[in-house]
Amino acid sequence: MTMAKRIAIMSSAGGGGAGIAARRMADAINASGENTADFIDIAVLGEAVSNSISIADSVSNHTISDTHFTVENPGYNRGWLVDMLAEYDLVNVHWASFLINNSELLELAMRRQPMLFMMHDFYYVTGGCHYPATCTQLGTGCLACPQVDTARCSQHIIAENYQMKKSIFAQPNVHLAAPSAFVRDTAVQSGIISADRAHVLRNAYQPSHDFDGTRAFDKRILLIADSLYEGRKNMRFALEVLAKLTQMGERFMVDVVGTAAPEMKAFLAATGVRHVFHGRITDHDALASIMSKTNVMITASLEDNWPNILVEAGSYGCMPVVGPGHGCEEFVRAFDYGKVATDYTVTSFMTATLDALNDRSPEHRNRAVEDIRAAHAPSAACSSYFSILEDIPVK
């Protein structure tokens with residue numbers, strides 16, 4: 001009889017996209033009856049990495065991107081934490097900056113500790129950026145990073161961070177997974193890890209609401225982001241699309257979820273677009289209730305992985321409208337559900353949004369809901385997870 005494995009699932013916090021996904025996976029594993037998982041965040045550990053080691057503020061220079069840029073000063077190592085984690089059969093790292101640093105992760109890897117990095121963005125395969133933006137240095141050593149503010153952090157530190165991560169992934173006991181093939185394949189193509197140690201692993205999601213496949217949808221459009229003014233999320237562009245549609249005489253209601261800057265609220269009010277600002281919602285039942293009443297979601301991100309919101313909204317029949325070339329398009333293609341704009345122009349997104357608003361096929365919608373829920377069911381996620389676990393060599 002195979003012994004149950006103890007897994008440490010590490011995330012800086014249980015909130016945010018990565019933290020929510022990590023906690024859901026821990027819950028799914030514990031409900032499986034096969035293995036057990038301890039969810040470890042800063043609150044559980046009781047100690048965060050010092051700000052002098054893991055810089056809390058973003059060190060982005062905001063030129064090609066304003067997405068958070070994370071930098072660590074290498075060398076700090078808490079031996080007691082490494083010893084504690086070495087007792088587990090697997091250390092599963094989600095987004096864990098400020099919880100465990102790269103020096104400690106390298107020490108674990110060098111001890112032949114089985115490790116799985118769940119990639120919610122590109123941070124663990126770069127010198128510090130979370131998304132490359134227009135940078136083409138991924139895999140070249142990050143020697144001349146175009147995103148870092150060199151007044152606060154030297155290029156040398158960025159390159160050193162990258163080399164440390166490269167050393168971690170050079171160990172055969174270290175594997176990588178991502179919910180999208182887009183992130184997994186990009187990591188492999190960078191040369192930091194071999195294809196046989198890189199996997200696609202969907203995030204687990206158990207819907208909190210049933211789906212009524214017979215209900216008619218009103219024309220309600222969902223906009224959602226943890227921060228509605230991050231450039232990568234391209235939310236101002238999405239608002240321009242909605243403003244143009246309104247000027248053309250299209251009638252719809254927009255549900256806006258997230259932290260919105262005052263200027264964004266003023267812009268939306270000035271356009272005449274009918275809308276409701278819900279603010280940032282941490283109660284998932286409340287969010288699911290809003291999702292279940294919308295029939296289209298615009299996600300105009302310039303780069304993305306396989307966002308939780310696509311899975312969640314899709315589980316309630318909300319059809320995504322997305323841009324081309326990354327994990328959001330991959331989601332639409334995988335389930336044959338949604339519209340992909342041909343490019344990032346207002347005209348292209350207007351066309352895709354109108355197509356989605358006028359798509360009234362309940363059979364198409366109901367089949368997609370069933371497929372999305374099945375692909376992300378906790379049991380399905382665990383099955384894939386445990387299969388990967390068997391591929392990672394034990395100590």
Side-chain angles (χ1 to χ4, degrees), residues 7-13 18-19 22 38 40-60 68-130 138-139 141-143 145 147-150 152-177 187 190-193 197 392-393 395:
I7 300 167
I9 293 190
M10 308 197 70
S11 177
S12 293
D38 291 336
I40 302 173
D41 63 5
I42 292 173
V44 170
L45 195 64
E47 177 182 320
V49 177
S50 167
N51 285 346
S52 64
I53 303 300
S54 292
I55 301 173
D57 295 334
S58 173
V59 294
S60 168
H68 195 88
F69 194 106
T70 302
V71 169
E72 290 184 3
N73 291 304
Y76 180 70
N77 192 322
R78 292 166 292 179
W80 65 267
L81 177 59
V82 174
D83 288 343
M84 181 191 83
L85 293 174
E87 296 297 317
Y88 284 89
D89 296 297
L90 176 74
V91 174
N92 181 193
V93 181
H94 287 251
W95 197 80
S97 292
F98 317 114
L99 174 66
I100 182 169
N101 63 53
N102 294 324
S103 298
E104 292 160 342
L105 292 170
L106 179 57
E107 172 69 18
L108 276 169
M110 297 298 290
R111 289 193 188 189
R112 296 295 186 262
Q113 172 66 37
M115 301 176 73
L116 175 65
F117 284 78
M118 186 62 176
M119 304 285 290
H120 298 285
D121 53 31
F122 289 97
Y123 169 69
Y124 280 113
V125 295
T126 73
C129 73
H130 290 237
L138 192 63
C142 298
L143 298 174
C145 174
Q147 295 196 46
V148 69
D149 181 354
T150 54
R152 292 186 292 157
C153 178
S154 73
Q155 293 282 5
H156 172 75
I157 293 294
I158 302 304
E160 191 168 353
N161 273 253
Y162 174 79
Q163 288 300 323
M164 188 171 295
K165 293 170 184 177
K166 186 177 181 181
S167 296
I168 291 170
F169 284 111
Q171 308 308 312
N173 48 294
V174 179
H175 283 227
L176 170 156
S190 77
I192 199 167
I193 194 168
R197 291 190 288 117
I392 303 176
K395 286 186 283 189

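- The two atoms that bring Ala56 and His68 nearest to each other are O-CE1, 3.6 Å, heavy atoms only.
- Side chain of Arg112 to main chain of Asn173: no donor-acceptor pair is present (N/O by atom type, distance under 3.5 Å, no hydrogens or angles).
- Gln155 places a side-chain N or O within donor-acceptor distance of the main-chain N or O of Cys145, the cut-off being under 3.5 Å.
- Between Asn161 and Gly127, the shortest heavy-atom distance links the atoms CB-O, 3.4 Å.
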Task: Worked verdict on Val125 versus Leu176 for side chain to side chain contact (heavy atoms under 4.5 Å, CB included) - done: CA-CA 10 Å; Val125 295; Leu176 170 156; 4.0 Å; yes
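- For the atom pair Leu85 CG and Leu108 CG, the distance stands at 5.5 Å (nearest 0.5 Å).
- Smallest separation of non-hydrogen atoms from His175 and Pro393: NE2-CD, 4.2 Å.
- Under the side-chain hydrogen bond (donor to acceptor under 3.5 Å, both in side chains) criterion, Gln147 pairs with no residue at all, not counting sequence neighbours.
- A donor-acceptor pair under 3.5 Å is absent between the side-chain atoms of Glu107 and the main chain of Ser103, judged by distance alone.
- Side-chain atoms of Asn73 come within 3.5 Å of backbone N or O of Ser52 as a donor-acceptor pair.
- Separation of atoms CZ (Phe98) and CD1 (Ile55) is listed at 9.0 Å; rounding is to 0.5 Å.
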TODO: List the steps, then state whether side chain to side chain contact (heavy atoms under 4.5 Å, CB included) holds for Leu105 with Gln113.
DONE: CA-CA 10 Å; Leu105 292 170; Gln113 172 66 37; over 6 Å; no
Output side-chain donor-acceptor pairs under 3.5 Å for residues 115-124, partner residues at least two apart or in another chain, one line each.
| from | atom 1 | to | atom 2 | distance (Å) |
| --- | --- | --- | --- | --- |
| His120 | NE2 | His94 | ND1 | 2.8 |
| Asp121 | OD1 | Tyr123 | N | 3.0 |
| Asp121 | OD2 | His130 | ND1 | 2.8 |
| Tyr124 | OH | Ala96 | N | 3.1 |

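- Residue Pro172 comes nearest to Arg197 through the heavy atom pair O-CD, 3.6 Å, listed as atom of the first residue, atom of the second, then distance.
- In this structure, Ser167 OG and Leu106 CG are separated by 6.0 Å, a value rounded to the nearest 0.5 Å.
- Here the straight-line distance linking atom CG of Leu90 with atom CD1 of Ile9 works out to 8.0 Å at 0.5 Å rounding.
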TODO: Under the side chain to side chain contact (heavy atoms under 4.5 Å, CB included) rule, what do Leu81 and Glu47 come out as? Steps first, then yes or no, please.
DONE: CA-CA 10 Å; Leu81 177 59; Glu47 177 182 320; over 6 Å; no
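- Applying the salt bridge (charged side-chain N to carboxylate O under 4.0 Å, His left out) test to residues at least two apart or on different chains, the pairs with a partner in residues 152-177 are Asp149-Arg152.
- Here the closest non-hydrogen pair linking Lys395 and Pro114 is CG-CD, 3.7 Å.
- With a 6.0 Å radius and a threshold of 12 heavy atoms from other residues, nucleotides or ligands, Met84 has its CE atom above the threshold.
- Distance OG1/Thr126 to CD1/Ile158: 8.5 Å, rounded to 0.5 Å.
- In this structure, CD1 on Ile53 lies 7.0 Å from CG on Asn101, to the nearest 0.5 angstrom.
- When all heavy atoms of Cys153 and Val71 are compared, the closest pair comes out as SG-CG1, 3.6 Å.
- Side-chain N/O atoms of Asn102 and Glu72 include a donor and acceptor closer than 3.5 Å.
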